[in-house]
Amino acid sequence: MEYKFTDIEKKWQDYWKKNNTYKVETNSSKPKYYVLDMFPYPSGSGLHVGHPLGYIASDIFSRYKKHCGFNVLHPMGIDAFGLPAEQYAIQTGRHPADTTAENVQRFKTQLGAIGFNYDWDREVITCDPNYYKWTQWIFLQLFKSWYNKEKDKAESIDELVKIFSTEGNMSVNAVTDYEFAFSEDEWNDFEEKKKQEILMSYRLASLSYAEVNWCPELGTVLANDEVKDGRSERGGHPVVKKKMRQWFLRITAYAERLLNDLDALAWSDSMKEMQRNWIGRSEGALVFFDLPEFNMQLEIYTTRPDTIFGVTFMVLAPEHPLVDVITSPDHAQEVLDYRNYVQSRSERERQSEVKKVTGAFTGALALNPFTGEKIPVFISEYVLMGYGTGAIMAVPSDDDRDNAFATHFNLPIIDVIDKGMYPGATRDDKLGKMINSGFLNGMEVLDALDAINTEIEKREIGKRRVQYRLRDAIFGRQRYWGEPIPIYYKGEVPYPLDESELPLLLPQMEDFKPSEDGEPPLAKLESWKYAPGKASPHRGEASPPTPLQRRGESEQSHVASQKGIASPRPSPEERESEPGYHTSEKKSWETLKEQGRELRKNQTEAEEVLWERIRNNIISHKIRRQHAIDIFIADFVCLSKKVVIEVDGGVYLDAEQKEYDKHRTYELEQRGFEVIRFTNDEVKKNTDEVVAKIKTKLDSKPTMEEYNSPDSPSPLERGAGGEAFRLETTTMPGWAGSSWYFLRYMDPLNDKAFISKEAEQYWQDVDLYIGGTEHAVGHLLYARFWQKFLFDRGYVSKVEPFKRLVNQGMITGVSAFANKIGDLEYVITGETEFDSNKRPQIFVSKNKIEKAIKERDTAFLLPAFKKHFQATDFNKVQIKFGDTPIAKPKQVNVSLVSSKDELDINDWVKTLQDEGHYEIITEDDGAFICTREVEKMSKSKLNVVNPDDIIGQYGADTFRMYEMFLGPIEQSKPWNTNGIDGVSKFMRKLWRLFYEDTKFLVNDEAPTDQELKVLHKVIKKIREDIERFSFNTCISTFMVCVNDLTDFKCHKKAVLQELVVLLAPFAPHVAEELWEQMKNEGSVTAVAYPEFNQKYLVESAFEYPVSINGKLRTKIELALNIEQGKVEAEVLASEVIQKWLEGKPPKKFIYVPGKIINIVV
RNA sequence: GCCCGGAUGGCGGAACUGGUAGACGCGCUGGAUUCAAAAUCCAGUAAUGGCAACAUUGUGGGGGUUCGAUUCCCCCUUCGGGCACCA
C-alpha cells in the first residue's frame, strides 16, 4: 500500500468533524492551557504559504499540550471590521458585508485543508452583532469610568459624581484634562450641560477637541500607530494634522502600568522594547522661569535640570499661546512671518528637514532662576506643542539641537559638565562633573540631578515630573465598516445608550463610501436616530436631520472657545499624566489663572461694552446674549429678524480663528441666520459706528415671522425633550474588536455577559500567543490596555492578557526575473537604413547575458536585430553596450520557473502577447535561465506560492512538516518549494516502516536495547524542542529516527506506536491512519504523549575527544565510571598522544567526565 | 541620530548552561537499477594540499578572557527591524 495522503487526509478531516474531536469544554478537572493565534482579517486574495506558519506552530503546540494532559483552548476567528475589509470592498465595487462573508468562507476552506485542531464552535467574527454588542458594551464601560490616580485604577463615573457633589473636585486625584477647580456647591449649581462637559474630561472614553491624524484619501482619522512617516499604514496615503472633535480612549492613564507590567511577560526583548519606546517614559522636572516684564512665568519641562546653569536662552513652540502675550512690538512682524512659515510647511516637509535650524526672537527676556541672568526667548518649530509644556530651557552645551540653534543665532554656550574623565560619553550617559554651576560644582551628574531637583522643589519654582510620549488613542473613524459607537446626542451633549439597547446595529447602506470632507457615511442616513424605548434604535422614526446634525465635527470649536485658554496651556496628554494639576501648588495655579484672564480680558471687555450699548440703544428689537442656536451659542442674536452679531476673539492663531469663524458663519446661515461680525478693536474703538450698523441691519430687514416666541424653550432645550435623538455617526476603529476577542473565545455564545465569571475564572489568560511583530504597538498595546481596564472594573482576574508571545517570522518569496537588454549604442558606418526607435524588448538568459557583458560581446544580438530592423547591410552596424547593459529585469511568475531557475518559455510568451515586439535569447542548449531575488511575497511581484497547490501535490502533513522544517519559527526566511522533496521522501520512508506494498510489516517482537535507545533519545529531544519552540530541529530528529529504524529494519509495534504518537502533533492525518492500522481504538489525539525514560540511554562508555592545546587530535573510548586517577595514565598511553607529546610531560591535564579531555603541553 | 536583533558550506539551517563546528534537508558529484527517463537506493560532499592515513585553515573583520570561544567581553564592518526634532 502506498502513502495516499489525499485519501488519508480527507478521511481523517471528516472523522474529526463527525466526532467533534476538537470540541473544547470549559468544565474540566484538567489544568487549562490557552493557545491563541492572532486572528486574521480577510484580505480577499486568500492565503499564501507564509500565512499558515504561525497557525501550524500553534497547532502543533496545542496538540502536544493536549497529549500532555491539558485541557487546551485553541480557537480561531476573523477580524472582519475595519479599513482593509472596507477598502477591499470599495476596490471591487461591492458591499463589505458580502466580500467579507466570501473571504471568510474561502479562508476557512483553506485552513480546513491544513488539518488544524480548532474548535470552530467557538469562532468569533468581529462584525457579528452578537460579538460587537459586547465591544459596544466595553466602550460604554470605558465611557462610564474615570481613572483614580490615588488608587491607580479605573472607577465608576457615578462614584466621581458623588464626590463632586459632596466635596467638589479639589480632593480628586484623577487623570483628566479638566483644568479648573470647583466646590461641591458650585458643582451642584452647574447646569446639566456643564456637568456633562466636565465629566467628559474625566471619562476614559471621551469626546474632545484635539489635533488628529486626518487622512483625506481614506476619509478618516487614524490613531498614531496607524501612521508611518506621515503616511497611512494602509495604502500609504498622506496624513495631515487637523483639529477635530473626536472620540479618544484615555490609554495614557495606563502608561505606567503598561510599562511596568512588561517585565513579567515572556515576550521577546525587541517586542518589549518597541512597547517601551512607544510609551516613552522620561523623568525630569517642570520648572518656572520668570518673565519679569510681564509679571508672568514660563513653565518648561526638562529631563536635565542639572544643566540649568548652562541655560542661555528659551524656546517656545510657535503655536504656544504665550507667544501672543510676550512678543514685543518690534519683533511682532518677525514672529508673525515665522509662524506663517511654520504653518505653510507640511508634516512631511518638516520631518524630512529635521536638521534645518529655523526660529525667531520674540523680544522677550526670561530670568534664569539660578544664575539670575536675563536670557532671550525664541520660538522654533523644533519645540513641539504636543510634548511637555511646549516650551524648553535650552542648554547649548549639552543638547545637539540647542547647540545648532545657538550657533545659528550666535547665542552664548556655557559648558556645565566636564566629561574629561569619560572620553566619548554623551549627554545621555549622564556622566561627568558639574562645572560653572554654582552650588552643583564638583558633583557627579547623577548627584547633581538629585540636588537640583531638591532645590527646585524647596524653592517652589518647579517639581519633579514623569512624562510619557504615549498619546491618547483616537477612537472614532469617519467610515462605515465598523462598530457603531453607542452614543446619542441631546443637543450637543453626548449620552450613552442604555446597555439593554445593545447591540446598536450597523445599518445596511448602499452608499457607504467615505467622503473627503470628513462626513461619516452614517451621517447620510436620515434614520440614524435613537428613539428611547424602541427595539431597533437605528430604525427609530425621526425627522430629517438638519445640516448641522450631519456635521459631527462643528460643535467642538464652540466648546473649546468656552473653556477659555489658560496659558501656558498644557496639552491634554500632559494633563493625563499629571492628574493633580489643578490641585497642585497654589502658585502655579494662580499663575495659570492670571494668564488666562489676561488673554480673555480683551474679548470679554468688548462684549461687555457692546451689550451695554445694545440694551440701551436698540430697544426696538429683542436681542439675546449668549443664546443657543442648535449647538451654537451666538454672542448676540435677534431671533425675530434672524440676525446674529458676533464679536471675534483672538483665541486661536489667526488662520485657525478665521477657519473657525467661517465655518460658524456657514452653519448659522444654513439655519437662515444672517451673521455680522466685528472685531474686538472695532467694538472698543468705534462703538458708535458698530451699534449704528447693527441697528441699520435690523431695521432694514423685512419683518419675518418670529422664529420662536420669547417664552418658548431654546432649540437646545427642545432637542433634549424631543422624541428621537441623533446618534453618533463615527464608527469604531479596526482595533476595537481585536482588543478583547481573546476573552470572548472563553465563552463565545454568552448573550448575558461578554464572558461568564466561570469561563473567565477557568481560562483566565492566554498562555501562548502567536502572531506577527507588526502588531507590536497597535493591537498588543490596546489589548493590554483593555484587559487592565476590565481588571480594574472587576470583570477579569488577570492584569495581563498574554503571558507568552512568540512572533513568527515572515516567509518571503523568491522572485524570478528575465534579464532584459538595456542601453545599447549603435555605430553605423556607411549608408544603412536603421530606425533604432523600433527596438524590440530583448530578453536574454542569465548566463548568456552575464558572459556577454563581461566580454563586451554583442554578437549574439545580431540575429534579433536582423529580424526586427530593416537594414541593408548589417556589417555596417556595430552594437555596443551602453552604461546600463541590463535594463530593469522583467518580473516572471514563479510558477513558470523550474527548480533550476529555468523558465518555461512557451507558457511565458503567452503573457507577453500584448507587449509589442520582443525577442528571447536562450542559452546555447535552449534553456532560458532567470535571475532570482528574495522579496516579500505579494501578488504584484508574481512570487506568491499558494498552499492549496502544495497540499494538492504533497499533502497537508508534508506541507505542515516542511513549513516547520524551513527554519526557526521567529526568523524570516525564503520559501523554496524545491526543498519540500526532502520532507516528502521522509514521509514515504516513514510509511515504509509500516507497509511494503500491501504487506503490513508491524510485528509484536520485543525491541532491542539499541532500538529503545533511539526511541527514547527521540522522545527526550522532541519534548524539549517543542517546549522551546524549536520545531525545525524536531523534524530533523524525526528524520534521523526514521533513518535509524530503517537501518535496523525495525517494524516493531512497541517502537513504532510510540513514534506515531510523537509525530501526531506535527502530521496528524498520517498519525491517525497509522494508529488505526495498528489496531488501536479511537483518535490518536487523546493518547498520552510518550514518556522519556533515562534508563534506556545509560551508557557504560564514552568516546572522548582528546585535544592537545585545544586542538582535536584523537578519540579514546573510556568507561564512564572510570576512576579519576586512571584517566591520565590511560590517555597518555595512547600512541597518537605520545606522538604529539614528543616525550615531554604534559603541563596540564583537563578531564571533563562525559565531555572532553584536553592536554596542555 | 537613537534603540533592538542578526551575520556559520553552493542554499535553508544545526550545535540548548563555553567542551568533537557544519546535525537534518536541498543542491551537486559518482555509482546501482532501467532499452531510456522519472522514481528509488548506495557512496561522497567546508576549503586547501595529499592516492591515503593525515596536515593546515575555517563560524562577517580585529583584539581580549580561557586549558578550550560560533557561544563571554571590547572595537569595527554589514544586513534586517523599530523609533525619530519627545527637551
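Naming convention: chains lettered A, B, ... in sequence-line order (proteins, then strands); numbering from 1 in each chain. Given the structure is predicted, the values throughout are model-derived calculations rather than measurements.
Not one side-chain nitrogen or oxygen of A:Lys1115 sits closer than 4.0 Å to the OP1 or OP2 atom of B:rU20. Distances shown here put every side-chain N or O of A:Gln467 at or beyond 4.0 Å from the OP1 or OP2 atom of B:rA87. Considering only side-chain N and O atoms, A:Asn1043 lies under 4.0 angstrom from the phosphate OP1 or OP2 of B:rG25. Considering only side-chain N and O atoms, A:Tyr387 lies under 4.0 angstrom from the phosphate OP1 or OP2 of B:rA87.
Checked for salt-bridge contact, A:Glu283 and A:Arg281 meet the test: a charged N lies under 4.0 Å from a carboxylate O. A salt bridge does not link A:Asp269 with A:Arg276: none of the charged nitrogens is closer than 4.0 Å to a carboxylate oxygen. A salt bridge is defined here as a Lys NZ or Arg NE, NH1 or NH2 lying under 4.0 Å from an Asp or Glu carboxylate O, and A:Arg1028 with A:Glu1024 fails to meet this definition.
Atom-to-atom, CD of A:Glu273 to P of B:rG6 comes out at 14 Å; the value is rounded to the nearest Å. When the P atom of B:rA39 is taken as reference, atom OH of A:Tyr954 falls 10 Å away, rounded to whole Å. Whole-Å rounding puts the A:Glu319 CD to B:rC85 P distance at 14 Å. Going from atom CG of A:Leu1112 over to atom P of B:rG68 covers 15 Å, rounded to whole Å. Atom C1' of nucleotide B:rC41 and atom CD of A:Glu996 are separated by 13 Å, given to the nearest angstrom. Straight-line distance from the CG atom of A:Asn978 to the P atom of B:rC11: 15 Å, rounded to whole Å. B:rA87 atom C1' lies 14 Å from atom CD of A:Glu299, rounded to whole Å. The distance from atom NZ of A:Lys985 to atom C1' of B:rC41 is 10 Å, rounded to the nearest whole Å.
Of the P atoms belonging to B:rC41 and B:rC24, the separation is 15 Å, rounded to the nearest Å. Using P as the reference atom, B:rG60 and B:rA21 are 16 Å apart when rounded to the nearest Å. Taking atom P in both B:rA39 and B:rC73, the straight-line distance is 48 Å, to the nearest Å. Rounded to a whole angstrom, the distance from the P atom of B:rC79 to that of B:rG31 is 44 Å. B:rC2 and B:rU48 have their P atoms separated by 42 Å, given to the nearest Å. Spacing of C1' atoms, B:rG5 relative to B:rC85, comes out at 26 Å, to the nearest Å. For the P atom pair drawn from B:rC26 and B:rG81, the interatomic distance equals 31 Å after rounding to whole Å. The separation of B:rG80 from B:rU29, taken at their P atoms, amounts to 33 Å, rounded to a whole angstrom.
When heavy atoms are screened at a 4.0 angstrom cut-off, A:Val383 is found touching base atoms of the nucleic acid. Counting any heavy atom pair closer than 4.0 Å across all strands shown, A:Leu966 reaches sugar-phosphate atoms only and no base atom. Backbone-only engagement by A:Ser270 is indicated by non-hydrogen atom pairs under 4.0 Å involving sugar-phosphate atoms exclusively. When heavy atoms are screened at a 4.0 angstrom cut-off, A:Arg276 is found touching no nucleic acid atom at all. Residue contacts for A:Trp1140: at a heavy-atom cut-off of 4.0 Å it reaches the sugar-phosphate backbone alone, with no base atom in range. Using a 4.0 Å heavy-atom distance criterion, A:Lys1021 is classed as a base contact.
Nucleotide B:rA14 forms no Watson-Crick or G-U wobble pair with any nucleotide shown, as no partner meets the under 3.5 Å limit on both distances. Across all strands shown, nothing is found opposite B:rG22 as a Watson-Crick or G-U wobble partner with both distances under 3.5 Å. When both distances must be under 3.5 Å, the Watson-Crick or G-U wobble mate of B:rC51 does not exist. Summarising the base pairing, B:rG1 is matched to B:rC83 through a Watson-Crick or G-U wobble pair whose two defining distances lie under 3.5 Å. Summarising the base pairing, B:rA43 is matched to B:rU29 through a Watson-Crick or G-U wobble pair whose two defining distances lie under 3.5 Å. The pairing partner recorded for B:rU34 is none, the criterion being a Watson-Crick or G-U wobble arrangement whose two distances lie under 3.5 angstrom. B:rG58 is unpaired under the criterion used here, namely a Watson-Crick or G-U wobble arrangement in which both key atom distances are under 3.5 Å. Judged by Watson-Crick or G-U wobble contacts below 3.5 Å, the nucleotide B:rU70 has no partner.
For A:Lys1155, the side-chain atoms get nearest to B:rG19 when compared with the rest of B:rC3, B:rG19, B:rA87. Listed nucleotides B:rU56, B:rG25, B:rG5 differ in distance to A:Asp269; the shortest reach to its side chain belongs to B:rG5. Out of B:rA87, B:rU57, B:rC4, the shortest distance to the side chain of A:Lys1111 is found at B:rU57. Minimum atom distance to the side chain of A:Met274 is reached by B:rG82, of the listed B:rG19, B:rC16, B:rG82. The A:Arg1028 side chain lies nearest to B:rC16 when the options are B:rC16, B:rU56, B:rC83. Distance from the side chain of A:Phe965 is smallest to B:rC24 among B:rA55, B:rG27, B:rC24. In the set B:rC67, B:rC24, B:rC83, the nucleotide with an atom closest to the side chain of A:Arg469 is B:rC83. Of the candidate nucleotides B:rC26, B:rU40, B:rG19, B:rU40 has the atom nearest to the side chain of A:Arg992. Checking B:rG13, B:rC83, B:rU20 against every side-chain atom of A:Trp278, the shortest atom distance belongs to B:rC83. Here the side chain of A:Tyr301 is nearest to one of B:rA21, B:rC67, B:rA87, namely B:rA87.
Contact check for A:Val1106 versus A:Arg1113: no side-chain heavy atoms found under the 4.5 Å cut-off.
Residues A:Met1039 and A:Asp981 both approach RNA chain B. Their nearest nucleotides, taken by heavy-atom distance, put A:Met1039 toward the 5′ side. Comparing A:Gly390 and A:Ile1157 by the nucleotide of RNA chain B whose heavy atom lies nearest to each, the residue mapping closer to the 5' end is A:Ile1157.
With rounding to the nearest 0.5 Å, the separation of OG1 in A:Thr312 from CG in A:Asp402 is 8.0 Å. In this structure, OG1 in A:Thr1037 is found 9.5 Å from CG in A:Asn1032, a value given to the nearest 0.5 Å. Atom CG of A:Leu262 and atom CE of A:Met271 lie 10.5 Å apart (nearest 0.5 Å).
A:Thr307 and A:Asp398 share no donor-acceptor pair across their side chains, judged by distance under 3.5 Å alone.
Counting atom types as modelled, A:Asn1158 pairs a side-chain N or O with a base atom of B:rC67 as donor and acceptor under 3.5 Å.
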Expected list for residues 1145-1161 of chain A: side-chain donor-acceptor pairs under 3.5 angstrom, two or more places apart:
unit_1	atom_1	unit_2	atom_2	d
A:Asn1158	OD1	A:Gly1110	N	3.1

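In this structure B:rG9 sits in the syn conformation; its chi angle is within 90° of 0.
Using a distance-only test at 3.5 Å, with no hydrogens or angles considered, a donor-acceptor pair links the side chain of A:Thr389 to the main chain of A:Glu299.
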